[in-house]
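Below is one structure, written out as structure tokens, with a few remarks after it.
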Number of protein chains: 2
Amino acid sequence: MSQANHQTILANIARHIELTPAEQARFIQLLTPKTIKRKQFLLNAQQVARHVAFVTAGCLRAYTIDDNGFEHVLQFAPADWWITDMYSFISQHEGDLNIDAIEDTEVLLLSRQDQLQLFDDIPKFERFFRIITEKSMVSSRKRLIDNLSLTAQERYNTFCNYYPTLINTIPQKQIAAYIGVTPEFLSKMRAQASKKG
Amino acid sequence: MSQANHQTILANIARHIELTPAEQARFIQLLTPKTIKRKQFLLNAQQVARHVAFVTAGCLRAYTIDDNGFEHVLQFAPADWWITDMYSFISQHEGDLNIDAIEDTEVLLLSRQDQLQLFDDIPKFERFFRIITEKSMVSSRKRLIDNLSLTAQERYNTFCNYYPTLINTIPQKQIAAYIGVTPEFLSKMRAQASKKG
DNA sequence: CCCATTTCTTAATCTAGGTTATTTGTACCC
DNA sequence: GGGTACAAATAACCTAGATTAAGAAATGGG
């Protein structure tokens, strides 16, 4: 089972770089498996994100709580996704993101320290993370544009396309906290949309 | 003068990696200087972003135009900033960002092709771009959180802190297109704020 | 299987910010 | 230096989405 998880992460990496068996072994050795039960936290705001997590099963969510107590979801991470508080992870200072599990979840953790060592020892890993950071940057920008230019209904549709597996598995209030509306308004939109068919 | 520009970009890079004189020379050789006059374009939507630009003087802006014809500014790039359409640059497919000059501007261009070659030849450059992409990612996320959780007035204040040099040099309508309000509403906010002192 | 908690829906009311329109101010260009 | 084009201000009115409140439905833990 742990073996299966290792295959998943190696397949994820193989999309961008090719590793020798020795390099694979070296990498696997640095990973710490961890189980996070539903509603438990991988990371709290005001903590330092020592690790980046790769999800092998379940689903995590990263969110902030604003001054009025409202939650804003930055990212969901179902299986095969990477997640961390990037600010805290790269600066190793305390961050403002909470990461918790919306269902029982398994992750493989890589510490920043080991990651940086890996960059020195096997530059291909620096390439891998350079590439996935470039891609995250693109999707973060895309989302910012969507928030600036789309209506709530359009953002909901976009969400459904982006996270198709999540629509029926996560509470609607989480979707609302992601697209930037109140749960009440999302409910109203869905009611109107279902009328029209 | 071109020498001065080269010093600027080398100093920018030296913040994160150390280069030998030979490596510096190799890098400089790959750069193409370009002048963009006020209101002229470095890149149009529907073009492929062949280059990433480093601004040595003046100021660029990157923006999209939505389906209703409204402009949304993603980034301003005064001197010492890097700018490109990241999606188009990494995929080499056509993008949706326009980049133009809000005043006469000088840039140094690095093509994606040369950048990737540089990553193969001198891994330190892959490190440099890995680091600045991580940092852009952090600021993009920060801005997304701000858009989800702050009022227009608070976003205006945040803008003033983030781009202090721009407040008096760029048109207010550009600031409005960045913080996500109409120029009319920004004008109203400023009037109210100045009343209170 | 049942109770407690959380989630979802509906509806009335409210407001931040948008829209439209007009006026005034400013900058550049021949 | 005067006209054209763009930028900013002001004000009346409008709407997408928030707030508040209350009931209905679903879920999960024991």
> Sequence neighbours excluded, which residues qualify as side-chain hydrogen bond (donor to acceptor under 3.5 Å, both in side chains) partners of Asn44(B)?
Replying inline: none
> Does Phe119(A) have any ring-ring contact (aromatic ring centres under 6.0 Å, His included) partners at least two apart in sequence or in another chain, and if so, which?
Replying inline: Phe129(A)
> How does protein reach along nucleotides 25-30 of chain C, written 5' to 3' as B (base within reach of a heavy atom under 4.0 Å), S (only sugar-phosphate), or - (no contact)?
Replying inline: ------
> What's the CG-P distance between Asn68(B) and dG18(C), to the nearest Å?
Replying inline: 13 Å
>> Does any part of the side chain of Glu154(A), heavy atoms only, come nearer than 4.5 Å to the side chain of Thr151(A), both counted from C-beta?
In response: yes
> Looking only at atom types and distance, does a side-chain atom of Ser140(B) sit under 3.5 Å from a main-chain N or O of Ser136(B), one as donor and one as acceptor?
Replying inline: no
Which donor-acceptor pairs under 3.5 Å do side chains of residues 170-183 of chain A form with protein atoms, sequence neighbours excluded?
unit_1	atom_1	unit_2	atom_2	d
Gln172(A)	OE1	Arg190(A)	NE	3.2
Gln174(A)	OE1	Arg61(A)	NE	2.9
Gln174(A)	OE1	Arg61(A)	NH2	3.3
Thr182(A)	OG1	Phe185(A)	N	3.2

> Using the C1' atoms of the five pairs at each end, what is the angle between the end axes of the helix from dC1(C)-dG30(D) to dC30(C)-dG1(D), to 10°?
Replying inline: 60°
>> Donor-acceptor check, side chain of Asn147(B) to backbone of Arg143(B), threshold 3.5 angstrom: yes or no?
In response: yes
>> Please report the distance, rounded to the nearest Å, between CG in Asp104(A) and C1' in dG29(D).
In response: 13 Å
> Got a sec? Which of residues 142-152 of chain A come in under 4.0 Å of DNA chain D, heavy atoms?
Replying inline: Thr151(A), Ala152(A)
>> From CE of Met189(B) over to P of dA8(D), roughly how many Å is that when rounded to an integer?
In response: 13 Å
> Which pairs with one or both residues in residues 112-125 of chain A pass side chain to side chain donor-acceptor pair (under 3.5 Å), sequence neighbours excluded?
Replying inline: Glu23(A)-Lys124(A), Arg26(A)-Asp121(A), Ser111(A)-Asp114(A), Arg112(A)-Gln115(A), Arg112(A)-Glu134(B), Gln117(A)-Asp121(A), Asp120(A)-Arg127(B)
> Taking the side chain of Lys188(A) as heavy atoms from C-beta outward, which of dC6(D), dA9(D), dA18(D) is closest to it?
Replying inline: dA18(D)
> Other than Val55(B), which residues form its hydrophobic cluster under the rule that side-chain heavy atoms must be closer than 4.5 Å?
Replying inline: Ile36(B), Leu42(B), Leu43(B), Leu60(B), Ile83(B), Ile99(B), Val107(B), Leu109(B)
>> Can you measure Phe70(A) atom CZ to dA18(D) atom C1' for me and round it to whole angstrom units?
In response: 8 Å
> Which whole-number value in Å describes the distance from Gln192(A) CD to dT10(C) P?
Replying inline: 10 Å
> For the pair made of CZ in Arg190(B) and P in dG17(C), what is the distance, rounded to whole Å?
Replying inline: 17 Å
> So, Asp96(A) and Arg141(B), do they make that salt bridge, N to O below 4.0 Å?
Replying inline: no
> Got a sec, which pairs hit salt bridge (Lys or Arg N to Asp or Glu O under 4.0 Å) with one end in residues 30-48 of chain B, sequence neighbours left out?
Replying inline: Lys37(B)-Asp104(B)
> Taking only residues at least two apart or on different chains, which pairs with a member in residues 18-67 of chain B satisfy ring-ring contact (aromatic ring centres under 6.0 Å, His included)?
Replying inline: Phe27(B)-Phe125(B), Phe54(B)-Trp82(B)
> Tell me, which of residues 158-186 of chain B have any heavy atom that sits under 4.0 Å from an atom in DNA chain C?
Replying inline: Gly180(B), Val181(B), Thr182(B), Glu184(B), Phe185(B)
> In the hydrophobic clustering that connects Ile, Leu, Val, Met, Phe, Trp and Tyr at side-chain heavy-atom distances below 4.5 Å, which members other than Phe70(A) occupy its cluster, ordered by chain and number?
Replying inline: none
>> Please confirm whether the shortest side-chain N or O distance from Arg155(B) to OP1 or OP2 of dG17(C) is below 4.0 Å.
In response: yes
> Under the criterion side-chain contact (heavy atoms from CB on, under 4.5 Å), which of Ile9(B), Thr32(B), Leu31(B), Thr84(B) is the partner of Leu110(B)?
Replying inline: Leu31(B)
